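Quick caveat, the model's predicted, so the values are computed rather than measured.
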Amino acid sequence: MRALGLSLACGLAFAVAATPSADEVLSAAKTQAAAQHKNIFLTFGASWCGPCHRLEAFVNAPDIAPLLQKYFVFAKLNVAEEHGEHPEMESLGAEELLKELGGDNNGVPFIFFLDAQGNKLVDSNRPVHGKARFMNIGYPDTQQEIFWFMEMLKTGAPGMTEEERRVIDTRLRTAGRN
């Protein structure tokens, strides 16, 4: 029994050590973005989050990934893993970075577009008419959320063509209907 406990503890320590910290992920993304003259598409998500999985599937879709990869380096951090079955997947320092960037207490997924130096360009908090507080779009699947995501792209990927934006917009608008 003692050997099993030691084995589990070692396995957990390895899993924690294998999860890169927020500093490591962001540093690598900034280096790559600077070298490639791109911005950073930073996502905060969780392994238990359905909309997070939908966002990941969307950005990796064969018709969407090449369009986004043209303008962005992708970075992903896990937060709020204590609410799921895999707390070892938490990215060390991610909660603090999320708060520092202004996205804490807004749910996941939460998206930031950063420049190559790590400065925030825009985030997934959309303004809401008549409300002082913004609302996180998460995975954009309503008309207002898709509109805000498309506005985010205008800021985060100003060189994106109208045709590229149309493909992304159409994909988001039809994704919920399938």
Side-chain angles (χ1 to χ4, degrees), residues 20 22-45 49 51-79 91 93-94 96-177:
D23 286 342
E24 292 168 330
V25 170
L26 190 54
S27 178
K30 289 191 300 190
T31 299
Q32 185 180 353
Q36 296 177 3
H37 306 288
K38 296 180 181 180
N39 287 327
I40 300 167
F41 190 121
L42 175 62
T43 305
F44 289 83
C49 168
C52 298
H53 294 292
R54 288 185 68 201
L55 179 63
E56 190 166 340
F58 169 74
V59 300
N60 289 307
D63 57 332
I64 300 301
L67 300 178
L68 294 174
Q69 290 169 359
K70 204 169 146 180
Y71 303 97
F72 295 103
V73 167
F74 285 83
K76 181 181 174 204
L77 295 169
N78 289 336
V79 294
S91 302
E96 293 82 4
L97 180 59
L98 181 60
K99 185 176 184 174
E100 178 184 317
L101 291 171
D104 62 324
N105 298 317
N106 289 304
V108 290
F110 198 91
I111 307 164
F112 291 96
F113 293 164
L114 310 173
D115 66 18
Q117 293 74 42
N119 301 307
K120 181 170 70 169
L121 300 171
V122 65
D123 65 39
S124 58
N125 266 335
R126 73 174 175 88
V128 179
H129 181 71
K131 300 207 179 208
R133 183 166 160 77
F134 293 89
M135 291 184 66
N136 176 23
I137 64 170
Y139 172 78
D141 61 1
T142 68
Q143 183 175 342
Q144 295 87 0
E145 292 166 349
I146 293 168
F147 174 82
W148 184 249
F149 185 76
M150 299 310 297
E151 290 297 309
M152 289 175 63
L153 286 175
K154 289 177 185 175
T155 301
M160 187 175 276
T161 68
E162 277 298 317
E163 176 60 19
E164 290 168 330
R165 283 197 295 272
R166 186 194 61 73
V167 169
I168 293 169
D169 184 75
T170 300
R171 180 70 144 70
L172 284 169
R173 291 183 190 283
T174 59
R177 298 181 200 143

Taking all non-hydrogen atoms of both residues into account, name the closest pair between Leu114 and Leu42 and its distance. CD1-CD2, 3.8 Å
Does any pair with a residue in residues 147-168 pass ring pair (Phe, Tyr, Trp, His ring centres under 6.0 Å), and if so which ones, sequence neighbours excluded? none
Separation of Leu172 CG from Thr170 OG1 (nearest 0.5 Å): 9.0 Å
Could you pull out the closest heavy-atom pair between Ala75 and Ile40, with the gap in Å? CB-CG2, 4.3 Å
Looking at Val167, is its backbone amide N or carbonyl O close enough to the side chain of Asp169 to form a donor-acceptor pair, meaning the two atoms are under 3.5 Å apart? no
So Glu164 and Leu153, side chain to side chain contact (heavy atoms under 4.5 Å, CB included) or not? Walk me through it. CA-CA 10 Å; Glu164 290 168 330; Leu153 286 175; over 6 Å; no
Within the 4.5 Å heavy-atom criterion, are Lys99 and Glu96 side-chain neighbours or not? no
Can you check whether Leu77 reaches Phe110 side chain to side chain, under 4.5 Å on heavy atoms? no
To the nearest 0.5 Å, atom OG1 of Thr43 lies from atom CZ of Phe74 at 7.5 Å
When rounded to the nearest 0.5 angstrom, what is the spacing between SG in Cys52 and CG in Asn78? 8.5 Å
Neighbour count above 12 (heavy atom, 6.0 Å) for Met150 CE: yes
Expected output: side-chain Lys38 to main-chain Val73 donor-acceptor under 3.5 Å: no
Where the side chain of Asn39 meets the backbone of Phe113, is there a donor-acceptor pair that is under 3.5 Å apart? no
Determine, step by step, whether Glu163 and Arg166 satisfy the salt bridge (charged side-chain N to carboxylate O under 4.0 Å, His left out) criterion, reporting the C-alpha distance in whole Å, the side-chain angles of both residues, the deciding distance to 0.1 Å, and the verdict. CA-CA 5 Å; Glu163 176 60 19; Arg166 186 194 61 73; 2.5 Å; yes
Taking distance alone, no hydrogens or angles, what donor-acceptor pairs closer than 3.5 Å link side-chain atoms of residues 22-33 to residues at least two apart or in another chain?
| unit_1 | atom_1 | unit_2 | atom_2 | d |
| --- | --- | --- | --- | --- |
| Glu24 | OE1 | Ser21 | N | 2.8 |
| Glu24 | OE1 | Ser21 | OG | 3.4 |
| Thr31 | OG1 | Ser27 | O | 3.0 |

Phe44 side chain reached by Val79 side chain, heavy atoms, under 4.5 Å: yes
Test item: Asn106 and Phe134 side chains (from C-beta on) under 4.5 Å apart, heavy atoms: no
From CA spacing to verdict: side chain to side chain contact (heavy atoms under 4.5 Å, CB included), Ile111, Phe41: CA-CA 7 Å; Ile111 307 164; Phe41 190 121; 3.8 Å; yes
Yes or no on side chain to side chain contact (heavy atoms under 4.5 Å, CB included) for Leu101 and Asp123, after CA distance, side-chain angles and deciding distance? CA-CA 9 Å; Leu101 291 171; Asp123 65 39; over 6 Å; no
Work out which heavy atom in Glu145 is nearest to a heavy atom in Tyr139; give both atom names and the distance. OE1-O, 3.6 Å
Please give me the minimum heavy-atom distance between Pro109 and Pro51, naming the atom from each residue. CD-CB, 3.7 Å
Supply the atom-to-atom distance Gln144 CD to Ile146 CD1, rounded to the nearest 0.5 angstrom. 9.5 Å
Spacing of CD1 belonging to Ile137 relative to CE belonging to Met152, to within rounding of 0.5 Å: 5.5 Å
Ignoring hydrogens, what is the shortest heavy-atom contact between Asn136 and Gly107? Give both atom names and the distance. ND2-O, 3.3 Å
Give a yes or no answer on whether the side chain of Asn60 reaches the backbone of Glu56 with a donor-acceptor pair at less than 3.5 Å. yes
Hey, could you give me the CE/OG1 distance between Met135 and Thr142, rounded to the nearest 0.5 Å? 8.5 Å
Minimum heavy-atom distance Arg165-Met160, with the two atoms named: NH1-O, 2.7 Å
